[in-house]
Enquirer: 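Before I ask anything, let me first share the structure, which is written out below as structure tokens.
Lettering of chains follows the sequences in order, A, B, ..., and the numbering in each one begins at 1. Atoms considered below: every heavy atom in the structure, side chains included; atoms not considered: hydrogens, waters and symmetry mates. Not measured: the values here are computed from a predicted model.
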There are 2 protein chains.
Amino acid sequence: MKSRQKSTIYDIAQKAGASPSAVSAALNGKWKQRRLKKETVDRIQRIAQEEGYMANLQARGLRKAESGLAGMVLPDHENRFFAELSQQFAKEAHARGLCPAIVHAGRDADAQLTSVESLIAYSVDLLMIAGATEPLSLASACSKARIRHVFVDHPCSEAPSIVTDNTGGAAMLTKTLLDEMDMPSETDPTTWLYFLGGESSLPASADRIHGFRQQAEAAKVLFDPGQILACGYESEKAEEALSDLYSRLGQLPAGLFVNSIGCFEGVLRFLSRLPEGDISRSTFGCFDHDPFATLSRFPLRMVRQRADLMVEEAFRQLDKGTSEACLIRVAPDLV
Amino acid sequence: MKSRQKSTIYDIAQKAGASPSAVSAALNGKWKQRRLKKETVDRIQRIAQEEGYMANLQARGLRKAESGLAGMVLPDHENRFFAELSQQFAKEAHARGLCPAIVHAGRDADAQLTSVESLIAYSVDLLMIAGATEPLSLASACSKARIRHVFVDHPCSEAPSIVTDNTGGAAMLTKTLLDEMDMPSETDPTTWLYFLGGESSLPASADRIHGFRQQAEAAKVLFDPGQILACGYESEKAEEALSDLYSRLGQLPAGLFVNSIGCFEGVLRFLSRLPEGDISRSTFGCFDHDPFATLSRFPLRMVRQRADLMVEEAFRQLDKGTSEACLIRVAPDLV
DNA sequence: TAACATTGCTACATCGATTGAGCAACTTGT
DNA sequence: ACAAGTTGCTCAATCGATGTAGCAATGTTA
């Protein structure tokens, strides 16, 4: 309470008339095995309390070759899903007595590698990597440093990875759309069902398209590759693609599967320019969740990725200690 | 590249036929002042490269009594504003060569104190605290440890603090509402303008109410304390309060100032139960921003807090070195 | 009473990087 | 040829906490 500067075990030792080792043992619950008198321990603890002593965690970390830090690397925070991931990560890290160190590294592979190396240099006790652009190089950096690590969202073939069950989630969403949309048999089948957004070369999108295709084929509403509009992830692209589709069809399709929240923003922007009547005949689904989006005034189904379960599972893998490669799929929710 | 474990300056020194000091100097750009031969330096750097050497930052931190870490404490991440704050924080920290360590501490004062103490124990080089519940105890912990710190969003009287200009923002939003709403003179003035949400005992809400009141009085539309419904920050409370108001008035008010995004969620939930015609006669404003909320199908003004400017200003304070108390207001945007 | 065990504590090396002090071997000036 | 300066490097202490090894003072047993 009274010290001007930070106090060390040496200061405490001095004031308590004991040795630094005794102080260390007393303050770490190791006094029994070190055979210190209870009385001495009490005295030390009282003084430490008075001085407001707090161990220097860098010194401890250096000595013990660990840090008490739980590292997490993720691309950004402007996305609800990543925000939830980091929130859950912080919670689980705390539960393990670790201090979360969360780094936003962007989408650039080099920046991500730098961030990972930096966290390794702090001897983080574990590392969780979300949305890795080039997972392999990150994994090899971790392995070389013998750091437990997990990948989330974007998997890595060389390390434990937790991903959303994209295929299953997409299938579920597609099926629900098919059930809920009114598909008048007399209309042109080109106005039925479309998939909008994403990059078919990326695994996540590919899986979602696969799930979509699977259900659409089963329902016999898939007949044209043009029903899948993988226009990228930007809202502008999605807005444009939907606008094109609308003028081509002369109306909205009966059902629209939107691949991500960013694309959905573009969709909403386009819809806000249409008369209400035009919209109410269509059913929408989005593979991503946002509480505000659910408050739209038209039928909308959203798939919510279970950040909570994913992080839980990720820690389960980390707790196992071995960084053996494996791929775990977590089923998302339908909202 | 080839080492199984992490290599140290001692390993590098051995392989380079030099001393650890030389290695340290060579790898830190201090070789000129330390008068090392360029040739030696090159040899050391080459070997370090080959070994994939990375300094142990805990050791460095211990020695230099700093860590290269930039600490940030914030309540949670489920809020767009805090997410943006942390994003900007990470950016600025990087720009200063620091590694951001972001901790979610929740709203509990004790948990926040623990987090701050923990970051201090890592010798963070600076500390940014957002949404502090009990700023004073946090500030005193920082001062005692001689750690540069800033408060953001919730100010502290004993430290540099950056807050949104709540009064000004609220006045701006209120004025815009008044300009844009149609206020038929023949109707009952009780249906004119309302303020919904927040806790009048909290400084932020109080300031916003003050800005609201100021403009409303100037426009002569404030006549009853019942026009200010400080029902708390939860969406459920807001939904209920608006529902009550609706049944009391038999309609929506012409203008509604919603105090936060959480409350706005409740408002939207209520509105989604009303026929469209009922809504289109009203104008809404919300003191907070969410891209999806702006896509509503009715007139909506949102105030966006400038997380970017606030963090920039916060770092400007930190860079000054002195932790002299001051209160800086950053004007928000109208969207 | 010597041998041995137990209690209560301290000394010291260690983790890895940094840095002030200082030592040789040359070069230069006179 | 001797002092002084320069160049190129190494030594050793230091940061704060940890933990093994071990010392001294008792108590216990034969």
Enquirer: Please tabulate, for the side chains in residues 19-31 of chain A, all donor-acceptor contacts under 3.5 angstrom to protein atoms that are two or more places apart in sequence or on a different chain.
Expert:
{"from": "A:S19", "atom 1": "OG", "to": "A:A22", "atom 2": "N", "distance (Å)": "3.2"}
{"from": "A:N28", "atom 1": "ND2", "to": "A:S24", "atom 2": "O", "distance (Å)": "2.8"}

Enquirer: Ion pair present between B:D42 and B:K38, side-chain N to carboxylate O less than 4.0 angstrom?
Expert: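 Yes, B:D42 and B:K38 are salt-bridged.
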
Enquirer: Roughly how many Å is it from CG in B:L62 to C1' in D:dC15, rounded to a whole number?
Expert: 4 Å

Enquirer: Looking at C:dA17, I'd like to know if its phosphate oxygens (OP1 or OP2) sit under 4.0 Å from a side-chain N or O belonging to B:N28.
Expert: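 B:N28 to C:dA17 OP1/OP2: no side-chain N or O under 4.0 Å.
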
Enquirer: Measure CG/B:L57 against P/C:dC15 and give the value in whole Å, please.
Expert: 18 Å

Enquirer: In this structure, how many angstroms lie between the P atom of C:dT18 and the CD atom of B:Q33, rounded?
Expert: 13 Å

Enquirer: List in chain and number order the residues that pass side-chain hydrogen bond (donor to acceptor under 3.5 Å, both in side chains) with B:T40, two or more places apart in sequence or in another chain; answer none if no residue qualifies.
Expert: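 So B:T40 forms no side-chain hydrogen bond (donor to acceptor under 3.5 Å, both in side chains) with any residue.
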
Enquirer: Against A:H77, only a single residue in B:R80, B:Q87, B:Q88, B:H77 fulfils side-chain hydrogen bond (donor to acceptor under 3.5 Å, both in side chains); can you say which?
Expert: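 Looking at B:R80, B:Q87, B:Q88, B:H77, the match for A:H77 under the side-chain hydrogen bond (donor to acceptor under 3.5 Å, both in side chains) is B:H77.
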
Enquirer: Under 4.0 Å between a side-chain N/O of A:Y53 and OP1 or OP2 of D:dA17, yes or no?
Expert: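 Affirmative; the distance criterion is met.
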
Enquirer: Calculate the interatomic distance between A:Q58 atom CD and D:dC15 atom P; express it in whole Å.
Expert: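 Between P of D:dC15 and CD of A:Q58: 15 Å.
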
Enquirer: A:W31 has an atom CH2; how far is it from atom P of D:dA17, in whole Å?
Expert: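 Checked: the CH2 to P distance equals 21 Å.
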
Enquirer: Testing A:R329, A:R306, A:Q305 one by one against A:T164 for a side-chain hydrogen bond (donor to acceptor under 3.5 Å, both in side chains), which residue passes?
Expert: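 It is A:Q305, the one option of A:R329, A:R306, A:Q305 that forms the side-chain hydrogen bond (donor to acceptor under 3.5 Å, both in side chains) with A:T164.
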
Enquirer: Assess whether ring-ring contact (aromatic ring centres under 6.0 Å, His included) is satisfied between B:Y122 and A:Y122, documenting all intermediate values.
Expert: CA-CA 11 Å; B:Y122 283 111; A:Y122 282 111; 8.8 Å; no

Enquirer: Select base, sugar-phosphate, or nothing to describe what A:A55 touches, counting heavy atoms under 4.0 Å on all strands.
Expert: sugar-phosphate

Enquirer: What string of B, S and - do you get for nucleotides 5-10 of chain C, 5' to 3', if B is base contact, S is sugar-phosphate-only contact and - is no contact with any protein heavy atom under 4.0 Å?
Expert: --BBBB

Enquirer: Which whole-number value in Å describes the distance from A:Y10 OH to C:dC12 P?
Expert: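 The distance from OH of A:Y10 to P of C:dC12 comes to 13 Å, rounded to the nearest Å.
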
Enquirer: Answer yes when B:R43 and B:E39 have at least one side-chain N-carboxylate O distance shorter than 4.0 Å, and no when they do not.
Expert: no

Enquirer: Would the base of C:dT18 count as contacting B:R60 through its side chain, where contact means a donor and an acceptor less than 3.5 Å apart?
Expert: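 Between C:dT18 and B:R60, which were checked side chain against base, a qualifying N/O pair under 3.5 Å is absent.
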
Enquirer: How many Å lie between NZ on B:K64 and C1' on D:dG16, as a whole number?
Expert: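 Between C1' of D:dG16 and NZ of B:K64: 18 Å.
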
Enquirer: According to salt bridge (charged side-chain N to carboxylate O under 4.0 Å, His left out), does anything in residues 95-105 of chain A pair up with another residue at least two apart or in another chain? List the pairs.
Expert: A:E92-A:R96, A:R96-A:D319

Enquirer: Quantified as the angle between the terminal helix axes (five pairs each), what is the overall bend of the helix from C:dT1-D:dA30 to C:dT30-D:dA1 to 10 degrees?
Expert: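 Comparing the first five pairs with the last five, the axes sit 60° apart.
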
Enquirer: Quick one: which residue pairs count as a ring pair (Phe, Tyr, Trp, His ring centres under 6.0 Å) with a foot in residues 127-155 of chain B, not counting sequence neighbours?
Expert: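 Passing the test, one end in residues 127-155 of chain B: no pairs.
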
Enquirer: Any side-chain N or O of B:S24 less than 4.0 Å from the OP1 or OP2 oxygen of C:dT18?
Expert: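 Yes, B:S24 has a side-chain N/O under 4.0 Å of OP1/OP2 on C:dT18.
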
Enquirer: Specify the separation, in whole Å, of atom CD of B:E39 and atom P of D:dG8.
Expert: 10 Å

